[in-house]
Amino acid sequence: MLYVGIDLGTSAVKLLLMDSEGGIRKIVSKKYDLYFPHPGWSEQNPEDWYTQSVAGLGELLEGQDKSQVAGLAIGGQMHGLVMLDKDDAVIRPAILWNDGRTAEETDYLNEEIGKDVLEKYTANIAYAGFTAPKILWVKKHEPENFAKIAKIMLPKDYLAYRLTGVHCTDYSDASGMLLLDVEHRCWSKEMCEICGISEEMLPKLYESYEKVGVVKSEIASAFGLSDHVVVAAGGGDNASSAVGTGTVGEGRCNISLGTSGTLFISSDHFVSTKGQTALHSFAHSDGCYHLMGCMLSAASCNEWWNARILNTTDFAAEQAGITDEKLGENHVFSLPYLMGERSPLNDPYARGAFVGMTMDTDRTDMEQAVLEGVAFGLRDSLEVAKSLGIDVKKSTIVGGGARSAVWRKMVCNILGIRLEFPGSEEGPALGGAILAAVACGEYPDVRSACEKIVKVTGYEDPDPVLVEKYEKRYRQFRLLYPALKEAFPKIQ
């Protein structure tokens, strides 16, 4: 049989076709627009997700035995607010995960409602990117739109709704809304009351590998599919990516160097952050739990530096001058907070900065600083995990940034852990296909599927000399944000 995995990303949708053995038959990608209607805001049109996904599905299935397509699942960008009216029409453009407009609402939740209360209700505190602060923002600034709300959806779940007609979500994605009682895997009545919404406005909850419905007959007919193609609940992009890298079970770790940067640690049981709110405590797509630190800007920092500042798309050429002897020796630092920052700072006012330039600073130094700044940011989340007694000795690494050998080497030595390279770097798309296969009974559970499908094809171990050099640089990096913190809101 064949299974479709869909990665509904921030800049494009990627569709992957996988066979029963885990072999990848075909991959298709379709881009869509991202809108910035105000500095720090980030929006998309949900209709674009659907039209591009459908177009991509047609290309993906071209030349394939469509009778063999058994199921699909979607891994998607988290936290985005999609609001539907009583006719299931989209009320306004979706407010995305990297949107920074909700500083006041986030402060209200954390300071007036209280972090301790939020942790009791949801296992997490409020971040500007989460869904609940967005709901409060709409309630305050667009009351006419708030009054129309009949359903609140997440991005991937809107696509699933368009394919099946079912209002659904999964526990991993719902964990990032600040509306889910993560430990008990149910909607928080208290958080609904705080946000002024009813539980009926929220979609039905499923495990990521559970069937939510089948592809609508008219869509199936248009693509020549059977009328019983299963749609599984899917997962948030990071949980789906973790499935695609085999990061399931106790104590496994995955690092993603995508648009955002994440440190993802899986667990068999619910893990309280014990007030260490820099990490999120979320449900996982394997039916268990995970901790996650998320940077808002990771590979996007390097894209910004190259495309916008240097006006080049030849990233490899810019990194060519970063030779081994330069590693751990750079005198320039970069703060990677181009969209504010989530983990571990929780500061929507934080901004990017270069520090330490001198008259002999050159283009390569600046490029190196950008890459190192992201790695230092990931190290910040690792340090919080260590404070909770979690000992991470190795991690898989995926994402566009992970294709850079020099960037992988920086991450390896700045974090001081072994990095393993999975055979496939398709992340949420592969994870979605695996979840679809489990939903169709191809595999008994997610872990069994991962053991069969996911393979490690290479690794890199830290160099003790380089680890020591970077330890000194990291301690210097840690001085910079506190020194600038009070200035950031004053210059905006």
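What you are looking at is a predicted structure, and each value in this text was computed from that prediction instead of being measured.
Under the 4.0 Å criterion applied to side-chain N and carboxylate O atoms, R308 and E303 are not assigned as salt-bridge partners. Between D286 and R447 there is a salt bridge, with a side-chain nitrogen of the basic residue lying less than 4.0 Å from a carboxylate oxygen of the acidic one. Salt bridge E43/R101: present, at least one basic N to carboxylate O contact under 4.0 Å. Ion pairing between a basic and an acidic side chain is recognised when a charged N comes within 4.0 Å of a carboxylate O; K30 and E59 show such pairing. Under a 4.0 Å N-O distance rule, the pair K156/D170 qualifies as a salt bridge. Remark: R162 engages E47 in a salt bridge, criterion side-chain N to carboxylate O under 4.0 Å.
In this structure, CH2 in W407 is found 9.0 Å from CD1 in I397, a value given to the nearest 0.5 Å.
The closest side-chain heavy-atom distance from L163 to L72 is below 4.5 Å. M83 is listed as a side-chain neighbour of L81, based on a closest heavy-atom distance under 4.5 Å. Residues T102 and F130 fail the side-chain proximity criterion, which asks for heavy atoms closer than 4.5 Å. Looking only at side-chain heavy atoms (C-beta outward), I265 and V392 come within less than 4.5 Å of each other. Counting heavy atoms from C-beta on, the side chains of Y171 and E207 come closer than 4.5 Å. A 4.5 Å side-chain heavy-atom check between Y459 and K394 finds every atom pair outside the cut-off. Side-chain atoms of W187 and L180, non-hydrogen and from C-beta on, do get closer than 4.5 Å to each other. Looking at heavy atoms from C-beta onward, N124 lies in side-chain contact with L178 at the 4.5 angstrom threshold.
Heavy-atom neighbours of K455 NZ from other residues, nucleotides or ligands within 6.0 Å: above the threshold of 12. Summarising the local packing, CD of E104 is surrounded by 12 or fewer heavy atoms from other residues, nucleotides or ligands at distances under 6.0 Å. No more than 12 heavy-atom neighbours from other residues, nucleotides or ligands sit within 6.0 angstrom of CD on E62. Sparse packing is recorded around CZ of R252, with 12 or fewer heavy atoms of other residues, nucleotides or ligands lying under 6.0 Å away. For K452, the NZ atom counts as loosely surrounded, since its 6.0 Å shell holds 12 or fewer non-hydrogen atoms of other residues, nucleotides or ligands.
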request  = Determine, stepwise, if the pair L96 / Q77 fulfils side chain to side chain contact (heavy atoms under 4.5 Å, CB included).
outcome  = CA-CA 8 Å; L96 302 190; Q77 50 169 299; 3.5 Å; yes
query = Can E426 and S424 be said to form a side chain to side chain donor-acceptor pair (under 3.5 Å), step by step?
reply = CA-CA 6 Å; E426 301 309 325; S424 170; 4.6 Å; no
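Closest of all the heavy-atom pairs between K148 and E144 is CG-O, 3.3 Å. Taking every heavy atom of both residues into account, L435 and A73 meet most closely at CB-CB, 4.3 Å.
With hydrogens and angles ignored, the 3.5 Å screen pairs no side-chain donor or acceptor of T396 with any backbone N or O of P422. Not a single donor-acceptor pair under 3.5 Å links the side chain of T106 to the backbone N or O of A126.
The aromatic rings of F264 and H290 lie parallel to each other, with less than 30° between the two planes, well short of the 60° mark.
Taking the six-membered ring where the residue is Trp, the centroids of Y127 and H280 are separated by under 6.0 Å. The ring of H141 has its center no closer than 6.0 angstrom to the ring center of F146. Ring centers of Y289 and H284: at least 6.0 Å apart, outside the cut-off.
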